[in-house]
Amino acid sequence: MKLRPAGEDDLQTLAVLNRQLLDDEGHPSPVTLPDLVDRHRDWLGTGEWTQDILEVDGMVVGYIVHGLNPYPLDPQVPERFIRQFCIDRAYRRHGLGRDAFELFMEMRLEPGGRVTLDVLESNPAGQAFWQAVGCRPFFHRLEAFRPLA
């Protein structure tokens, strides 16, 4: 497996996989593919998030969007926040997610560093995956909305 920085040529692939991720995790977002292309283009332009493509034998099998956590649990410990992690549906259940996470840890995280991420409550498969690769719950984020009217 290879991990490489995403570029302009990857925008459509990132958008398709991002839509797949939103659908699979039960996210209610109605965002379109052109919107997702624009989102990933903005991230490439601003550098706000690092986007890495995952390849096996030259085929794109997934991607990871990550960045420095602006609110680290311990300022003395280097910490990366994974915003998005997706293995294409066609390549799942073959250990590639585990391999991708191990490669990410090796290539993008300093020794002694920490990774944090959020998993939607509507995504029990994602929760199971992250626990299987060694992540443990640390806190439970809740939300509330004020009605519009």
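Keep in mind the model is a prediction, meaning the values are calculated, not measured.
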Next item on the list: Given side chain to side chain contact (heavy atoms under 4.5 Å, CB included), test L117 with W130 step by step and report yes or no.
Entry: CA-CA 9 Å; L117 54 103; W130 288 111; 3.7 Å; yes
Next item on the list: Taking the side chain as every heavy atom from C-beta outward, state whether L11 and L44 have any pair of such atoms under 4.5 Å apart.
Entry: yes
Next item on the list: For D74, look at atom CG and say whether over 12 heavy atoms of other residues, nucleotides or ligands are found less than 6.0 Å away.
Entry: yes
Checklist line | Verify same cluster id: Y63, V133 (apolar side-chain graph, 4.5 Å) | finding: no
Note to self: If I compare all heavy atoms of E79 with all of L73, which pair ends up nearest, and what's the gap?
What the structure shows: OE1-N, 3.0 Å
Check: Which distance, rounded to the nearest 0.5 Å, do you find between the CD of Q51 and the CG of L14?
Finding: 5.5 Å
Checklist line | Cluster overlap M107 with I82, hydrophobic side-chain contacts below 4.5 Å | finding: yes
Next item on the list: May I ask you to say whether R19 pairs ionically with D23, meaning some side-chain N is under 4.0 Å from a carboxylate O?
Entry: yes
Notebook entry, point to check: What are the two closest heavy atoms between F101 and C135, and how far apart are they?
Noted result: CZ-SG, 4.1 Å
Check: Are the side chain of R80 and the backbone of T116 linked by a donor-acceptor contact shorter than 3.5 Å?
Finding: no
Item checked: Lys/Arg N to Asp/Glu carboxylate O, D24 vs R89, below 4.0 Å -> yes
Check: With distance as the sole test, does T50 use its side chain to make a donor-acceptor pair with the main-chain N or O of G67 at under 3.5 Å?
Finding: no
Notebook entry, point to check: Can you hop from I64 to V61 via hydrophobic side chains spaced under 4.5 Å?
Noted result: yes
Check: Can you check whether P137 reaches Q131 side chain to side chain, under 4.5 Å on heavy atoms?
Finding: yes
Margin query: Is the shortest side-chain heavy-atom distance between K2 and V56 below 4.5 Å?
Written below: no
Notebook entry, point to check: In terms of heavy-atom contacts, does CZ of R146 have more than 12 from other residues, nucleotides or ligands at under 6.0 Å?
Noted result: no
Check: Minimum heavy-atom separation for S122 to G26, with atom names?
Finding: OG-O, 3.5 Å
Notebook entry, point to check: Would a 4.5 Å heavy-atom cut-off, applied to side chains only, mark H40 and E8 as touching?
Noted result: no
Item checked: Straight-line distance of D118 CG to N123 CG, nearest 0.5 Å -> 12.0 Å
Check: Ion pair present between R41 and D38, side-chain N to carboxylate O less than 4.0 angstrom?
Finding: yes
Notebook entry, point to check: Between atom CD of E143 and atom CD of E121, what is the distance when rounded to the nearest 0.5 Å?
Noted result: 10.5 Å
Item checked: Approximate separation, where rounding is to 0.5 Å, of D88 CG and T13 OG1 -> 9.5 Å
Next item on the list: Check I87 against A100 and note the closest heavy-atom contact, atom names and distance.
Entry: CD1-CB, 4.2 Å
Check: Under 3.5 Å, is there a donor-acceptor pair between the side chain of E55 and the main chain of M1?
Finding: no
Checklist line | From W43 atom CH2 to R83 atom CZ, the distance as rounded to the nearest 0.5 Å | finding: 4.0 Å
Item checked: ring pair (Phe, Tyr, Trp, His ring centres under 6.0 Å) partner of H66, chosen from W49, F104, F81 -> F104
Notebook entry, point to check: Do L17 and V65 share a hydrophobic cluster, counting only Ile, Leu, Val, Met, Phe, Trp and Tyr and linking them when any side-chain heavy atoms are less than 4.5 Å apart?
Noted result: yes
Next item on the list: Verify whether the ring centers belonging to F129 and F85 lie closer than 6.0 Å.
Entry: yes
Margin query: When you measure from the side chain of R98 to the backbone of A132, do you find a donor-acceptor pair of N or O atoms at a distance under 3.5 Å?
Written below: yes
Next item on the list: Could you pull out the closest heavy-atom pair between S29 and H27, with the gap in Å?
Entry: N-ND1, 3.0 Å
Checklist line | Heavy-atom pair of closest approach, residues A15 and L33 | finding: O-CD2, 3.5 Å
Check: Same cluster or not: are V115 and L103 linked, directly or through other Ile, Leu, Val, Met, Phe, Trp or Tyr residues, by side-chain heavy atoms under 4.5 angstrom apart?
Finding: yes
Check: Using 4.0 Å as the upper bound for N to carboxylate O, is an ion pair formed by D10 and R4?
Finding: yes
Note to self: Are I53 and L3 packed together at the side-chain level, in the sense that at least one heavy-atom pair is separated by less than 4.5 angstrom?
What the structure shows: no
